Structures are given as C-alpha cells and as structure tokens.
Amino acid sequence: MKVPLTVQLKDSKLYIINQTKLPLEEEIIITDDYERIAVAIEKLEVRGAPAIGVTAAYALALSFKIIQKENIVGHFDKVFKRLASTRPTAVNLFNALDEMRNTFEQFKNDNSLYERMIERAVLIHDNDIKLCDAIATNGLSIFKKKCRVLTHCNAGSLATGGNGTAVNVIRHAFENGFIEHVYVDETRPLFQGSRLTAWELKQAGIPFSINTDSAAAFLMQQGKVDLVITGSDRIAVNGDAANKIGTYNLAVLCNYHKIPFYIAAPTTTIDKKCSEGSQIKIELRDKKELTIIGNKEITDQDFPAYCPAFDVTPNNLISAIITEKQLHKPPFDFSNV
Ligand code: MRU
C-alpha cells in the first residue's frame, strides 16, 4: 500500500509534502533551513502532533550542519526556542525537542555533534513509525464486526512520521475485513478531513464519504455510525484528551447516541506534567483561517472571530485510548505509562 512520505531526510535536506496544497497539488518543500521548517509548522504545511515532533527534531539537527564552534549553546537555545514557539498544543513537539536537548548535552563538545543530532532525529522518526504500527495492531480489538466508522481531522500518515494513528487503526481494520465505510468530517476551518484523510483513504482503497462537521449528529441519529475514532495532540494523565476542534462535540454526541468513542495516540502524546485537561494550552489561530477560504474572503474581514484549534474531551466520554502499549480502558491513569 502506498503511504505518503510526509517528512523525509535525503542528502542532508528535509523533504516535506506541503499539506496546505493537498490533495490538489503534491508540492514538496525541500530545505535545510530551520527557520523555513518552523514556518512550515506554523502554517500547517506539516501538521499533526507526531509529524510536528519528528519535523522539529530534524530542523534542530539540520541547524547544526554549518555552525561555528563559538557560542554553540546559544545557537542551540535560539533554535530550540524558535521551534518550541511554533505550535503550543501538540506535546510531541516538546517531547521531541527535549530528546534532542539530551543528545546536544551529551555531544556538545564532540566533533561529531551534527551527526549525533541527525542520528537522534532519525531515531525519533523510526520510533514513530514503530509506534504507529503497534497502535494499529492494538486497535484491532475494538472491532467485533464490520463497522461504519467516523473520524475527524487527519490522524493518518500525513500527521505522523509513520502510517498514522487513528487512520492506521482504520487501515489495519480494513485489511482485516472490519471496515464497511468511513465517514470523514471535513474538519473546519482548514479541512484536514476532506482534503487529507479523504486523500489517504482513497489511496488505501477504503470506502469513505466526506460530510460537514455538523452532519455527524444526523448520521448518528440515523444509526449509520458504529464507532468514532480520532487522534490526539496531548493527553493528560487522567485521560482527558486534546484534539482538533470539534472532537469534543463528537464525544458528546457519541455519549448521547451510545456509540463508543476512541482515541488513538502514541505515548509520546501523553503529557505527564498535565494531570488534567484544563492544564492543556489550547492554540488560538488567526481569524483569517475562518474568514478566508483559499484566497476568497467569505465574510466581512472586520467581524470578530473565535478560532481555537483544539478542544479537550473529558475522560468520562472516552471508551478507550489506544496506544502502542495496549488498549487503555477507563479509569485512565497514565502516570506510569
Ligand atoms: O492542527 P492540526 O492539523 O495539526 O491538528 C491535528 C490533529 O488534531 C490530529 O488529530 C492530531 O494531531 C493527531 S495526529 C496523529
């Protein structure tokens, strides 16, 4: 099966599929400039929690390709801060940068610092590939029959360094005969569902249809959805999970309609410093993402707007959380995971 190579290191440069252009155009950004990569993360040219972590790790490593020996610590801190400032919610970003810091501390006086940093970034990437596949394996047990599944945003290979989280569970379940149909929320405002998840499902040959986010309730009322599965950007120790705005709506709807609601995410998405969801920082995006589609202004640009990128689903609405370790059932306690 063809899976898009979201982020790839080749000849000491990073190759990134520009996700703002998909599915209409398959443009590749080729760069070794950490500032360009930081902008790519900010603009969602590369997005999805694990993919952001992997990309930032490569950016930090690449910034050491040509570097004067003087003030190497200052350089590290500057690049680290810049990358950490790109997006606040996906904890994978901070976890990956912290891992890179460990390598920097260990080899900062070594001539092979650049090579060691690259090695570590590759390790983070390789690990993400393994985590995605283990999540898919562990997710199979939620399927007892052929299911109609609804998903939100994009938690596929485009959102990770590997084959994806929620979408990889769906893909693996499809290969095992458990998927009848996938309903794909378009995911306003940036359409990660109707552009990216739909693109991936089409490539995988999985039957799907796109719906507006607001159609989810009606689909459930008609008995057309057997389960909902999404990814997450940050999971608190008590299982509260932040994900793309609109995910909480789905969890509430599932609760009302007695439909299981699942989250699939690697343990690199767990934030041990957050005991509960209220501590998760929610990114607010530029209101232009709401008031302009493509280049077209769709409303008065002076109207005030509220644009949170994520919401937090409380743990009591989550049937289970699928990680690479196991299927975690409530009550959740991720303090020792
Ligand atoms: O704003 P985005 O597109 O980066 O948001 C991504 C999501 O909400 C994904 O569901 C989440 O990162 C999980 S990706 C495996």
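Since we're looking at a predicted model, the values are computed, not measured. Throughout, residue positions are numbered sequentially from 1 according to the sequence presented. In listed order, ligands and their atoms are each counted from 1.
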Ring-ring centroid check F104 F80, cutoff 6.0 Å
no
P50 heavy atoms within 4.0 Å reach ligand 1 at atoms 14 (S), 15 (C)
Give a yes/no verdict on whether any heavy atom in A90 is under 4.0 Å from an atom of ligand 1. no
Checking heavy atoms under 4.0 Å, the part of K244 that sits near ligand 1 is both
Rounded to the nearest 0.5 Å, the CD1 atom of I280 sits from the OG1 atom of T89 at a distance of 8.0 Å
Hey, is T247 one of the residues with a heavy atom under 4.0 angstrom from ligand 1? no
Under 4.0 angstrom from ligand 1, any heavy atom of A309? no
Atom 10 (O) of ligand 1 has as its nearest protein heavy atom N243 OD1, 2.7 Å
Which of D271, T269, T160, D233 passes side-chain hydrogen bond (donor to acceptor under 3.5 Å, both in side chains) with N92? It is T269
The protein heavy atom nearest to atom 7 (C) of ligand 1 is D233 OD1, 3.2 Å
Per side chain to side chain contact (heavy atoms under 4.5 Å, CB included), F332 is matched among I321, N316, I235 by I321
Next on the checklist: Using salt bridge (charged side-chain N to carboxylate O under 4.0 Å, His left out), reason through K13 and D33 one step at a time and then give a plain yes or no.
Outcome noted: CA-CA 9 Å; K13 288 203 189 281; D33 174 11; over 6 Å; no
Practice task
Could you give me the CA-CA distance, side-chain angles and deciding distance for E180 and K146, then say whether salt bridge (charged side-chain N to carboxylate O under 4.0 Å, His left out) is met?
Solution key: CA-CA 6 Å; E180 185 178 318; K146 212 161 186 159; over 6 Å; no
- Any ion pair linking E35 and R82 (charged N to carboxylate O, less than 4.0 Å)? yes
- Query: Are L9 and I29 connected in the hydrophobic side-chain network, where two residues link if heavy atoms are under 4.5 Å apart?
  - Reply: yes
of all protein heavy atoms, closest to atom 15 (C) of ligand 1 is T165 OG1, 3.1 Å
CA sep, side-chain torsions, deciding dist, call: R188, S214, side-chain contact (heavy atoms from CB on, under 4.5 Å): CA-CA 10 Å; R188 281 289 282 142; S214 44; over 6 Å; no
- Query: For G48, is at least one N or O under 3.5 Å away from an N or O on ligand 1?
  - Reply: yes
- Task: In plain terms, say whether D77 and R101 are close enough for a salt bridge, that is, a side-chain N and a carboxylate O under 4.0 Å apart.
- Result: yes
Closest to atom 6 (C) of ligand 1 among protein heavy atoms sits R47 NH2, 3.4 Å
Ranked by distance from atom 12 (O) of ligand 1, the top protein heavy atom is A49 N, 2.8 Å
Any heavy atom of C153 under 4.0 Å from ligand 1? The part involved is side chain
If we number the atoms of ligand 1 from 1 as shown, the ones under 4.0 Å from a heavy atom of A159 are 14 (S), 15 (C)
Note to self: Centroid separation under 6.0 Å, is that true for the rings of F178 and H172?
What the structure shows: no
Any heavy atom of N154 under 4.0 Å from ligand 1? The part involved is backbone
Under 4.0 Å between heavy atoms, the region of R87 that gets near ligand 1 turns out to be side chain
Short version for S232: what comes under 4.0 Å of ligand 1, heavy atoms counted, is backbone
So the atoms of ligand 1 within less than 4.0 Å of a heavy atom of Q192 turn out to be 1 (O), 2 (P), 3 (O)
